[in-house]
K.L.:
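The structure's right below; bear with me while I get my questions together.
Remember, it's 1-based here, ligands and their atoms both numbered in the order they're listed.
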Amino acid sequence: MDRFRIQGPTRLAGRVRASGAKNASLPALAACLLTSEPVILGRLPAVRDILTMRRLLEHLGVITEDVGGALRLEARGKAHDDEAPYELVKTMRASVLSLGPLVARRGHARVSLPGGCAIGVRPIDQHLAGLAALGADIHLEGGYVEARADRLAGGRFRFDMPTVGGTENLMMAAVLARGTTVLDNCAREPEIVDLARLLVKMGADIEGAGSPTVTIRGADELGGAEHEIIPDRIEGGTYLIGAAMTGGDVTLEGACPGDLGPLLDTLGEVGATVDLADGAIRVRGDEPLRAADVETAPHPGFPTDLQAQYMALATLAEGTSHIQETVFENRFQHVPELARMGAVIDVTGNVARVYGPTPLSGSPVMATDLRASACLVLAALAASGETEIQRIYHLDRGYERMEEKLRSLGAQVERVAG
Ligand code: EPZ
């Protein structure tokens, strides 16, 4: 297994461009199942989860083709299989996003239940309850969920909590239902708004994406479309946190400042300088860092996917930072690894108290999930000496060419093949 070897401390400086958003790409790829016409997606990041979704779609009969840096997808005709097998779903939970489009267009779907993951139990009860509310017959057996419906029927459904995947699955199901669907207490992430943009280009009638209530008037069929995926706010935010915590000066190009509001506010609070100009976000870490509390929450709250990276910064800040994780119940696995590097953190329930500043020293550490590994990379950049991060396959799931981008900002990062 590959690992990273990082020499620190490093001051990150320069310009870096955000890649396309992994979490906008995955539902957009699944959306191609809703039409027999070609869907062309641009700015898909070259990360492993995109390859896994592509393999799943091909398994479901979708013809895929690389065309000039974009991906052309065509789910024409009657496919030979409506099943998302365990072998694929176990490597990527987002495979469950095929459920809504499959049952909506083909009347049948059999999808392996994703099971839990490192950061939490992550049930899909809301996805299933929502599909049942639209008339799908849901059956669980042998680790699979089977959904059947001659044609889904519009209806009203309220999510128990704002769920990103649940909102996306139900939106994709409702666009081909008979009649109107109203979804309440929806997630409002920018990735959901981007999916709605694509679906509308395909001919869907959707209102309110990005707000708690989304209204979808079903269509008999959808057409093809061309769509450019939005920039990755989580990838971009990771580099900006890196700038602030290494006393650096990084300009992030191609990102949407509006999608990063809570992070930019917090970086201002800890003493970094944030400038917005010409669609770019510049962060300078030229002041000593001050502690600031963070509570993760669904958008527009502070993203849980930046919590770990922010914790790396908090270890270097003057004072005690309280970091409350409210979205996932087991998302502090980076804490013992940071402690190996010299951080002082104690966790009670869903609150981590980070005592700073603590000088970090290079150490061998282990990545446990995608964002925890990004946290360890940032800590290694600020630490003195060499850090070796094992299991970086977690990083490769969601960060495009990370070592190259970091090197372009002055970092000493080496990928060691395992
Ligand atoms: C999406 O996951 C993202 N993944 C996650 O990013 C992100 O952390 C999460 O949203 C929250 O922002 C993708 O978009 C592919 P949720 P998702 O449904 O859709 C509970 C990364 O690092 N819940 O919004 O799975 C759930 O357990 C990944 O890129 C139910 O209880 O998240 C969690 O506590 C990690 N029942 C909360 O809701 C359900 O049916 C939010 O989960 C659905 C969710």
Side-chain angles (χ1 to χ4, degrees), residues 19-31 44-45 47-50 52-53 56 89 91-100 111 113-133 138 140 145 157-172 183 185-195 212 229-230 232-238 259 262-263 296-310 325-331 333-334 350 367-375 394-400:
S19 298
K22 166 183 79 80
N23 291 348
S25 302
L26 295 168
L29 287 163
L44 292 171
V47 296
R48 214 176 58 246
D49 276 10
I50 303 303
T52 307
M53 184 57 102
L56 172 63
V89 175
T91 63
M92 184 189 66
R93 311 173 43 76
S95 310
V96 75
L97 292 171
S98 61
L99 189 59
V111 173
L113 287 167
C117 89
I119 65 177
V121 177
R122 304 181 74 179
I124 58 164
D125 58 302
Q126 297 296 301
H127 301 233
L128 305 183
L131 287 173
I138 304 285
L140 298 180
V145 53
F157 180 74
R158 181 179 176 78
F159 293 102
D160 291 349
M161 81 293 289
T163 154
V164 174
T167 304
E168 293 165 343
N169 236 334
L170 266 289
M171 270 169 48
M172 290 193 279
L183 302 174
N185 198 25
C186 293
R188 304 165 58 190
E189 271 67 5
E191 294 75 24
I192 290 170
V193 177
D194 199 42
L195 174 64
I229 296 291
I230 55 171
D232 197 319
R233 63 195 169 103
I234 305 299
E235 179 218 21
T238 301
D259 292 350
L263 173 69
T296 67
H299 191 82
F302 190 96
T304 172
D305 293 347
L306 286 173
Q307 176 258 99
Q309 298 92 315
Y310 177 70
E325 175 54 59
T326 71
V327 178
F328 290 107
E329 69 275 15
N330 188 29
R331 205 168 202 181
Q333 296 189 65
H334 37 286
N350 69 350
T368 48
D369 62 78
L370 171 58
R371 307 305 172 182
S373 20
C375 154
H394 289 291
L395 265 179
D396 294 336
R397 294 189 53 179
Y399 285 88
E400 184 177 56

K.L.:
Are a donor atom and an acceptor atom from the side chains of Glu400 and Ser19 found within less than 3.5 Å of each other?
P.N.:
yes
K.L.:
Could you tell me, for ligand 1, which of its N or O atoms are under 3.5 Å from any protein N or O, listing the pairs and their distances rounded to 0.1 Å?
P.N.:
{"residue": "ligand 1", "atom": "2 (O)", "partner": "Arg122", "partner atom": "NH2", "Å": "3.2"}
{"residue": "ligand 1", "atom": "6 (O)", "partner": "Asn23", "partner atom": "ND2", "Å": "3.3"}
{"residue": "ligand 1", "atom": "6 (O)", "partner": "Asp305", "partner atom": "OD2", "Å": "3.0"}
{"residue": "ligand 1", "atom": "8 (O)", "partner": "Asp305", "partner atom": "OD1", "Å": "2.6"}
{"residue": "ligand 1", "atom": "8 (O)", "partner": "Asp305", "partner atom": "OD2", "Å": "3.4"}
{"residue": "ligand 1", "atom": "18 (O)", "partner": "Thr163", "partner atom": "OG1", "Å": "2.6"}
{"residue": "ligand 1", "atom": "19 (O)", "partner": "Gly165", "partner atom": "N", "Å": "2.7"}
{"residue": "ligand 1", "atom": "22 (O)", "partner": "Arg331", "partner atom": "NH2", "Å": "3.4"}
{"residue": "ligand 1", "atom": "22 (O)", "partner": "Arg371", "partner atom": "NE", "Å": "2.8"}
{"residue": "ligand 1", "atom": "24 (O)", "partner": "Val164", "partner atom": "N", "Å": "2.7"}
{"residue": "ligand 1", "atom": "25 (O)", "partner": "Arg122", "partner atom": "NH2", "Å": "2.9"}
{"residue": "ligand 1", "atom": "29 (O)", "partner": "Lys22", "partner atom": "NZ", "Å": "3.0"}
{"residue": "ligand 1", "atom": "29 (O)", "partner": "Asn23", "partner atom": "ND2", "Å": "3.1"}
{"residue": "ligand 1", "atom": "29 (O)", "partner": "Arg371", "partner atom": "NH2", "Å": "2.8"}
{"residue": "ligand 1", "atom": "34 (O)", "partner": "Val327", "partner atom": "O", "Å": "2.6"}
{"residue": "ligand 1", "atom": "36 (N)", "partner": "Pro123", "partner atom": "O", "Å": "3.3"}
{"residue": "ligand 1", "atom": "36 (N)", "partner": "Asp125", "partner atom": "OD1", "Å": "2.7"}
{"residue": "ligand 1", "atom": "40 (O)", "partner": "Pro123", "partner atom": "O", "Å": "3.3"}
{"residue": "ligand 1", "atom": "40 (O)", "partner": "Asp125", "partner atom": "N", "Å": "3.2"}
{"residue": "ligand 1", "atom": "40 (O)", "partner": "Asp125", "partner atom": "OD1", "Å": "3.3"}
{"residue": "ligand 1", "atom": "40 (O)", "partner": "Gln126", "partner atom": "N", "Å": "2.7"}

K.L.:
Quick one: do Arg48 and Asp396 make a salt bridge, cutoff under 4.0 Å?
P.N.:
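Not counted as a salt bridge, because no side-chain N and carboxylate O are separated by less than 4.0 Å.
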K.L.:
Step by step, would you call Asp49 with Arg93 a salt bridge (charged side-chain N to carboxylate O under 4.0 Å, His left out)?
P.N.:
CA-CA 10 Å; Asp49 276 10; Arg93 311 173 43 76; over 6 Å; no
K.L.:
Using the ring-ring contact (aromatic ring centres under 6.0 Å, His included) criterion, which residues pair with Phe328? Sequence neighbours excluded.
P.N.:
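Testing Phe328 for ring-ring contact (aromatic ring centres under 6.0 Å, His included), a comparison that skips the adjacent residues, returns none.
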K.L.:
Is a side-chain donor-acceptor pair under 3.5 Å present for Thr163 with Gln126?
P.N.:
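No - no donor-acceptor pair under 3.5 Å links their side chains.
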K.L.:
Under the 3.5 angstrom rule, does the side chain of Asn169 hit a backbone N or O of Gly100 as a donor-acceptor pair?
P.N.:
yes
